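The sequence lines fix the lettering, A, B, ..., with proteins before strands; numbering per chain opens at 1. These numbers were taken from a predicted model, which means no experiment stands behind them.
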Amino acid sequence: MIISIKELLNSENYGNKVNVKGWVRTKRGSKNVAFIALNDGSTINNIQIVVEVNEQNENILAKIHTGASISVDGELVKSEGKGQNVEINSIKIEILGESNPDEYPLQPKKHSLEFLREIAHLRFRTNTFGAISRIRHAMIFAVHSFFNERGFCNVHTPLITASDAEGAGEMFRVTTLPAKDAPTNEEGNVDFSNDFFGRETNLTVSGQLEAELAAMALSKVYTFGPTFRAENSNTTRHLAEFWMIEPEAAFYDINDNMDLAEDMLKYCVKYALDNCKEDIEFLSKRLQEEEKTKPQNERSQELIEKLNFVLENNFERVTYTEAIDILRNSKPNKKKKFQYIIDGWGADLQSEHERYLVEKHFKKPVILIDYPKEIKSFYMKQNDDGKTVRAMDILFPGIGEIVGGSQREENYDKLVTRMNEMGVPTKDMNWYLDTRKFGTVPHSGFGLGFERLMLFVTGMGNIRDVIPFPRTPKNAEF
RNA sequence: UCCUCUUUAGCUCAGUUGGUUAGAGCACCUGACUGUUAAUCAGGGUGUCCCAGGUUCAAGUCCUGGAAGAGGAGCCA
């Protein structure tokens, strides 16, 4: 039976004979005794292997370097040194895989995140990415657990789609047609009738529309899957391939929707604090060392404090119109410090405005509702004022928009009118419109970018560092 | 896509007004040390100065173009 290092470190069965396997982080030594810090990814902590140097193991020890994999039979003992409670006195040590120190790029020291991105196949082996990977797993689990506890049914929506009506962004085409000399029709356009699906298909930008179909029977559903956007976005908050959580619930109005989103975010944050303590503490320390280089006033809140703060405070719910008033009367607006000055109603809010509301004015997460209909999607429920729709965006400090959602327009005629106004082709969308034709009900939903949640929980600054193999413009390695 | 910055050893970076043979710390190798905690101490320099042109007696340094990376903006989750 293989015992993980996590279990061994929590064990007090001193004197037990154990076998431990893992990867060497560091080896230190003198003439007579060597110390190996061994990690197997089960925890951020290493177990110390103590090796008495003798003629039999001298050669083996010489081949053990950072990155090598070894198997150790030994005795679990109380540590004689400081820094750890438990360690293993090696009896027999076996090299599973050597690691040439001249070629292995990871050293027992800090590397820049940019460098580690270039060696994403090895960065799992660092403390930082080990911690992030374990937290990512915990967050995936927490999401499913949250919805399961509330009676939501997980639905797998398609990744390949022929619908392009979502309007959420540029799409990646899926085709088996040759890239060179693709067949064309009479108008000179690519003829997709001979393509695999007999029509033009793309990777999905959202599972929302299909989730709505399911919600019209199962009441409460959610999707949690990959999403693809071919936008040429080069920021710390965007990926071309990311994972999105999209609940959709029948009979939920915008307030139920906001409650759901806020509960969910808090549930996940609490789950992380309760279950990933050591990893979060490590990331917090790492972050604070990085912050030391910044001037005092630019330093951000300590990670655990920041997470607790979100748990303990209700998100501020503000209408778009109120937000515009606040911004119009704000100091940076009056002193023309904003790059985009707010002078009237109707403009979309820029990042600087969102940041002002969250970080300066309310100093906590903000939910903005009732946006002008012109700047939002066709499927959002229109308010009685004729100007606004029941949209909600949740804004988080340092991240911006983490959730975007709305109550959906359930009235067939209003929806069709709005689609026509916005140039959304209704003829390809009969399957969607049928939900409003047969037994339509008020319903709501939202989209949560999983990696943005990860950014918040880990405190990392770049979205490319919270997903194992980031896909961004000009980068699809590994 | 736009704006700004960056690119020098395996990694992090220094390199002055253009001027000998391009430097430091860490990693690595060798040696010392009976318990170390990213061990310590002594010795050893490993290079397509991102690429292609240009200016110049002379370019890591200046100019033009390109590539890659980062930060910000837009788009959004």
Side-chain angles (χ1 to χ4, degrees), chain A residues 25-37 45-54 62 65-67 77 79-84 87 89 99-119 122 126-127 166-170 205-208 224 226-246 261 338-340 348-355 375-377 393-396 399-405 446-456 461-467 472-475 477:
Chain A
R25 284 293 174 79
T26 60
K27 186 184 75 174
R28 298 175 288 271
S30 57
K31 203 177 201 173
N32 302 308
V33 62
F35 303 92
I36 296 167
N45 300 309
N46 304 322
I47 198 158
Q48 175 156 284
I49 313 293
V50 185
V51 191
E52 300 278 346
V53 181
N54 56 42
H65 296 100
T66 300
V77 295
S79 180
E80 288 174 35
K82 290 171 193 161
Q84 62 276 318
E87 63 189 19
N89 279 338
S99 175
N100 184 340
D102 287 330
E103 292 174 41
Y104 190 63
L106 292 172
Q107 306 157 20
K109 69 163 209 170
K110 258 212 174 95
H111 289 96
S112 70
L113 294 170
E114 289 84 359
F115 173 66
L116 292 174
R117 252 170 246 155
E118 290 169 13
I119 49 165
L122 296 171
T126 62
N127 283 333
E166 177 61 26
E170 289 294 311
V205 292
S206 163
Q208 180 199 316
F224 185 176
T227 311
F228 309 89
R229 299 200 182 164
E231 300 284 348
N232 191 8
S233 294
N234 295 287
T235 79
T236 52
R237 307 177 306 281
H238 290 86
L239 291 165
E241 177 183 290
F242 65 100
W243 290 69
M244 189 151 64
I245 299 142
E246 292 173 290
F338 282 143
Q339 197 182 338
Y340 298 89
D348 208 348
L349 301 180
Q350 309 293 320
S351 305
E352 56 180 350
H353 306 133
E354 295 179 351
R355 224 177 300 127
I375 58 174
K376 288 290 178 184
S377 302
D393 284 358
I394 303 187
L395 310 178
F396 260 42
I399 292 161
E401 188 176 344
I402 194 168
V403 164
F446 62 84
L448 166 73
F450 182 63
E451 283 76 18
R452 293 202 178 160
L453 174 66
M454 282 295 298
L455 278 181
F456 184 73
N462 193 316
I463 202 160
R464 293 164 198 142
D465 296 329
V466 296
I467 187 168
T472 52
K474 301 254 155 62
N475 190 351
E477 221 189 328

Checklist line | Euclidean distance, atom CG of residue A/N234 to atom P of B/G74 [Å, nearest integer] | finding: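 Atom-to-atom, A/N234 to B/G74, this comes out as 14 Å.
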Notebook entry, point to check: Taking the six-membered ring for Trp, are the ring centroids of A/H353 and A/F338 within less than 6.0 Å of each other?
Noted result: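 For A/H353 and A/F338, the ring centres are under 6.0 Å apart.
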Item checked: Touch class at under 4.0 angstrom, heavy-atom based, for A/E114 against every strand present ->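 Here A/E114 touches the backbone only, sparing every base.
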Check: Checking all strands, does A/S351 fall into the base, sugar-phosphate, or nothing category for heavy-atom contacts under 4.0 angstrom?
Finding: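 Sugar-phosphate only.
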Next item on the list: Answer yes when A/K376 and A/D348 have at least one side-chain N-carboxylate O distance shorter than 4.0 Å, and no when they do not.
Entry: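 So A/K376 does not pair with A/D348 through a salt bridge.
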Which pairs, protein N/O on one side and nucleotides 31-34 of chain B N/O on the other, fall under 3.5 Å?
unit_1, atom_1, unit_2, atom_2, d
B/C33, OP2, A/K31, NZ, 3.2
B/U34, O4', A/N32, ND2, 3.2

Item checked: 5'-to-3' dot-bracket of RNA chain B (Watson-Crick, G-U; under 3.5 angstrom; crossing pairs as [ ]; | other strand) -> (((((((..((((.....[...))))((((((.......))))).)...(((((..]....))))))))))))....
Note to self: Given the structure, check if the side chain of A/Q84 and the base of B/U36 hold any donor-acceptor pair shorter than 3.5 Å.
What the structure shows: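 When only heavy-atom distances are counted, A/Q84 does reach the base of B/U36 through a donor-acceptor pair under 3.5 Å.
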Notebook entry, point to check: If you find the nucleotide of RNA chain B closest to A/L106 and the one closest to A/H111, which residue's nucleotide is nearer the 5' end?
Noted result: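 Result of the comparison: A/H111.
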Notebook entry, point to check: Mapping A/K474 and A/S233 onto RNA chain B by nearest heavy atom, which one lands closer to the 5' end?
Noted result: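 The answer here is A/K474.
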Notebook entry, point to check: What interatomic distance, in whole Å, is found between P of B/G54 and the corresponding atom of B/C76?
Noted result: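 To the nearest whole Å, 47 Å.
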Item checked: All side-chain contact (heavy atoms from CB on, under 4.5 Å) counterparts of A/T236, not counting sequence neighbours ->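 With sequence neighbours excluded, A/T236 shows a side-chain contact (heavy atoms from CB on, under 4.5 Å) to A/N462, given in chain and number order.
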